[in-house]
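Here the structure is laid out as structure tokens; the discussion comes afterwards.
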Amino acid sequence: MRILSIFVLAGLFAVATATGALADNGGTMHFGPFAGTSPDGGTCGAAWATDAFNRVFTVHDNGDGTFRVTEDFRDGTFITIGPASPGRCETSGHHGTLLNPAVNGNFRGFLAGTVASTTFTLAACDTAGACSTTAGFVAAVFGSGAAFVVATFNFEYDSNDQTLEYHHWQDKSSPTGEQFIGDIANQ
């Protein structure tokens, strides 16, 4: 997932519900899983695959008006749409250029960052679909003005499709912004 910007999350109460939020004893709350799908952008900016996954949000109260938020993408799968591979426009490292449609694979990943907000609605995810996107979760739980400031992220993609020349791609944060390693590509 090409990370450009994501909204900020905030505020927590240590209360548990049976509909998507569980609290533990350390001021941390878990929301999800929430099923989701999204197009996945590569280094050229265009979508190279459609992803399906479960989102799980973990929010920890830092005690200073900010919150550490991690969004985990679990049980992720992708199906390629081609024709450009995700690493096609990468300028360094080994990568391919072309990708056939209908190649299947798996992925996993996370976004981690901080949120500041004075609004928190524990039961916001009770509405069907309200928390099936990052922006939806932030708006529902923390209010429409909240933003999730992502500090680190890592997404790894693998496919054992025998038509591929490149079977693994990684899109992750780095000290200089974003780093791409490998590719999912037929050539």
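Because the structure is predicted, anything quoted here is derived from the model rather than measured.
Ring geometry, F57 versus F137: the interplanar angle falls under 30°, so the pair is classed parallel (tilted spans 30 to 60°). Taking the six-membered ring for Trp and thresholds of 30 and 60 degrees, F73 and F107 have ring planes inclined between 30 and 60 degrees apart.
Side chains of E165 and N186: a donor-acceptor N/O pair is absent below 3.5 angstrom, by distance only. Judged by distance alone, the side chains of T134 and E71 do bring a donor and an acceptor atom under 3.5 Å apart. Between the side chains of D75 and N54, at least one donor-acceptor pair of N or O atoms lies under 3.5 Å. Using a 3.5 Å distance cut-off with no hydrogens or angles, the side chains of H30 and T58 do pair a donor with an acceptor.
Counting non-hydrogen atoms of neighbouring residues, nucleotides and ligands closer than 6.0 angstrom, the CG atom of D64 exceeds 12 such neighbours.
With rounding to the nearest 0.5 Å, the separation of OG in S132 from CZ in R55 is 7.0 Å. Within the model, atoms CZ of F78 and OG of S159 stand 5.0 Å from one another, a figure rounded to the nearest 0.5 Å. Taking CG of L164 as the start and CD of Q187 as the end, the distance is 11.0 Å to the nearest 0.5 Å.
Here the shortest heavy-atom pairing between F53 and G76 reads CB-CA, 4.0 Å. Summarising the geometry of S85 relative to G96, their closest heavy-atom pair is OG-O, 3.4 Å, with the distance given to 0.1 Å.
A distance below 6.0 Å separates the ring centres of W48 and Y157.
Residues I184 and P86 have side chains in contact (heavy-atom distance under 4.5 Å, counting atoms from C-beta outward). In this structure the side chain of C125 reaches within 4.5 angstrom of the side chain of F34, judged on heavy atoms. Contact annotation: the side chain of I181 approaches that of K172 to within less than 4.5 Å [non-hydrogen atoms, C-beta and beyond]. Side-chain atoms of N104 and T77, non-hydrogen and from C-beta on, never get closer than 4.5 Å to each other. When side chains are defined from C-beta on, D51 does not count as touching P39, because their heavy atoms never get closer than 4.5 Å.
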### Task
Mind running salt bridge (charged side-chain N to carboxylate O under 4.0 Å, His left out) on D72 and R108 for me, showing each step along the way?
CA-CA 8 Å; D72 287 304; R108 64 215 159 272; over 6 Å; no

### Task
Test I79 against V103 for side-chain contact (heavy atoms from CB on, under 4.5 Å), laying out the working first.
CA-CA 5 Å; I79 185 163; V103 172; over 6 Å; no

### Task
Walk me through it: do D161 and T163 pass the test side chain to side chain donor-acceptor pair (under 3.5 Å)?
CA-CA 6 Å; D161 187 296; T163 66; 2.4 Å; yes

### Derivation of the side-chain contact (heavy atoms from CB on, under 4.5 Å) call for Q170 and N154
CA-CA 7 Å; Q170 184 176 13; N154 186 40; 2.8 Å; yes

### Task
Start with the C-alpha gap between R68 and V59, add the side-chain angles, then the distance that decides, and say whether side-chain contact (heavy atoms from CB on, under 4.5 Å) holds.
CA-CA 6 Å; R68 183 177 64 239; V59 183; over 6 Å; no

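By the criterion of side-chain heavy atoms lying less than 4.5 angstrom apart, applied directly or through intervening Ile, Leu, Val, Met, Phe, Trp or Tyr residues, Y166 is not grouped with W169; the two fall into different hydrophobic clusters.
Ion pairing of D183 with R88 is absent here, as no side-chain N (NZ or NE/NH1/NH2) approaches a carboxylate O to less than 4.0 Å.
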